[in-house]
There are 2 protein chains.
Amino acid sequence: MLDKTNNTFKYDFKGLSMTTERTASMEDYLEAIAVLREEEVEVRVTQISKRLGVKKPSVTAALHKLSEDGLVKHRRYGHVELTGKGRKIAEEVMRRHEVLFRFLSEILGVDSDTAQEDACKVEHSLSPTSLERLAKFVEFVLTCPRGEPLWHKGFNYFVEHGERDQEIVANCLEKES
Amino acid sequence: MLDKTNNTFKYDFKGLSMTTERTASMEDYLEAIAVLREEEVEVRVTQISKRLGVKKPSVTAALHKLSEDGLVKHRRYGHVELTGKGRKIAEEVMRRHEVLFRFLSEILGVDSDTAQEDACKVEHSLSPTSLERLAKFVEFVLTCPRGEPLWHKGFNYFVEHGERDQEIVANCLEKES
DNA sequence: ATGTATTGTTAGTCTTGTCTAACATCTATT
DNA sequence: AATAGATGTTAGACAAGACTAACAATACAT
């Protein structure tokens, strides 16, 4: 779905093909740097370039801007580091990513790859207000004292069979009275 | 939150202020045209311009592109109409918007204005796969045979009080055995 | 220590979508 | 029918972010 060669997101809908450009925003760079920092000894332009599917000159340009904004430290031909400010933003972006990813994969049951891609895209557009609600929701569902909530089993059945599991419905309604 | 004057989306996070540009994509234009079509006799450049918070020349430019792509019909100084193809896309976008809006407002309990704004932004980035799941989820929750699901009451309590409603938890666990 | 391969940067171009300023057309009122 | 005001369009500029081609610095291997 995500085409690394031209960084284009393509999908088909009822015979219509639509293409939506995806652009790595400055937040993506910060996030990438933070993630790479955990995996590598030194963060270098080439790593960032590969991770974001972007050519090296784009990385250099982005680093210039981020440097000006005081979010990264970067000397010519040197490695890359986040400043305190940059790290704070990166951590917030990663948190948003994590919330979205868990919601998509663990609650909605979207496959992991798609969930990752979508989290990357949505993490920049959802307002803090909605994201906090979603975070609460994910926490609420995944820390259910009974383990997997019954209704969630019901949802999975619903997705798979296109109708509700009558046993669960009965179980549920019974408590109504 | 959404500043109509410069079409900028601004928010603060722990002392850091970030600004994210928002750009009305071609899908936004199609959606706007479709919505206006339901409200007005004729869809005109000025209406679209107001609805999307962009200047009129931007609308004209967008209409040129959409015309070339065969998605709208538009003669100089005339009104705007969707082609069949354009309408199909617009309807799909509206459906995505609707799903996201209902999820945010009716399930997460996000206020209506924020939910609208976020739906507008997210509707372009979520993959069809995830969106279908979300649609199922919204349908599943909102057509619960017992009315509002008990767990949803529990969630609202959780958001409001920061902890679970022990009565609901007990009720829920009791059925475990 | 020197030369080759890797890595990074610069310069210049393209695309997308926005804007302002100036101009063109339409409409409705007299 | 003439004209004022509203509505649309053109032209030209700008910003962000990507790309390629060419050049510069580094690092490693002999």
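Order of the sequence lines sets the chain letters (A, B, ...), proteins ahead of strands, with each chain counted from 1. Heavy-atom basis, side chains included; hydrogens, waters and symmetry copies ignored.
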Checklist entry - Do the side chain of Arg133(A) and the main chain of Val110(B) share a donor and acceptor less than 3.5 angstrom apart? => result no
Checklist entry - Once you round it to whole Å, what is the distance between C1' of dG17(D) and OH of Tyr29(A)? => result 8 Å
Checklist entry - Just by distance, do the side chain of Ser67(A) and the backbone of Lys73(A) share a donor-acceptor pair under 3.5 Å? => result no
Checklist outcome for this item: For DNA chain C, consecutive-pair runs of 3 or more (Watson-Crick or G-U wobble, both H-bond-type distances under 3.5 Å) give C:1-30 with D:1-30
Item to check | Close approaches to DNA chain D from residues 63-76 of chain A, in residue order (heavy atom, under 4.0 Å) | outcome: Lys65(A)
Checklist entry - Run the side chain to side chain contact (heavy atoms under 4.5 Å, CB included) check on Arg96(A) and Leu126(A) step by step: do they pass? => result CA-CA 9 Å; Arg96(A) 300 206 299 250; Leu126(A) 207 58; over 6 Å; no
Checklist entry - Nearest-Å distance, CD (Glu27(B)) to P (dG17(C))? => result 11 Å
Checklist entry - Is Asn156(A) reaching over with its side chain to a backbone N or O of Lys153(A), donor-acceptor style, under 3.5 angstrom? => result no
Checklist entry - Taking side chain as C-beta onward, heavy atoms only, is Leu82(A) less than 4.5 Å from Leu66(A)? => result no
Item to check | Arg37(A) atom CZ, neighbour heavy-atom count above 12 within 6.0 Å | outcome: no
Checklist entry - Going 5' to 3' along nucleotides 2-7 of chain C, which nucleotides have protein heavy atoms under 4.0 Å from the base (write B), which only from the sugar-phosphate (write S), and which from neither (write -)? => result -----S
Checklist entry - Starting at CD of Glu42(B) and ending at C1' of dG8(D), how long is that distance when rounded to a whole Å? => result 14 Å
Item to check | Under-4.0 Å salt bridge between Arg95(B) and Glu92(B) | outcome: yes
Checklist entry - If only side-chain N and O atoms of Ser58(A) are considered, is one of them under 4.0 Å from the OP1 or OP2 phosphate oxygen of dC19(D)? => result yes
Item to check | Arg44(A) vs Leu36(A), side chain to side chain contact (heavy atoms under 4.5 Å, CB included): CA-CA, chis, key distance, verdict | outcome: CA-CA 9 Å; Arg44(A) 315 214 114 257; Leu36(A) 288 169; over 6 Å; no
Next on the checklist: Under 4.5 Å between side-chain heavy atoms, counting indirect links through other Ile/Leu/Val/Met/Phe/Trp/Tyr residues: same cluster for Phe101(B) and Val35(B) or not?
Outcome noted: no
Item to check | Euclidean distance, atom CG of residue Leu52(A) to atom P of dA18(D) [Å, nearest integer] | outcome: 8 Å
Checklist entry - For Lys55(A) and dC14(C), what is the distance between atoms NZ and C1' respectively, to the nearest whole Å? => result 16 Å
Checklist entry - Above 12 or not: heavy atoms from other molecules or residues under 6.0 Å from CD of Glu39(B)? => result yes
Checklist entry - What integer distance in Å separates Gln47(B):CD from dG8(D):C1'? => result 13 Å
Checklist entry - Do Ser58(A) and Tyr29(A) come within less than 4.5 Å of each other through their side chains, counting heavy atoms only? => result yes
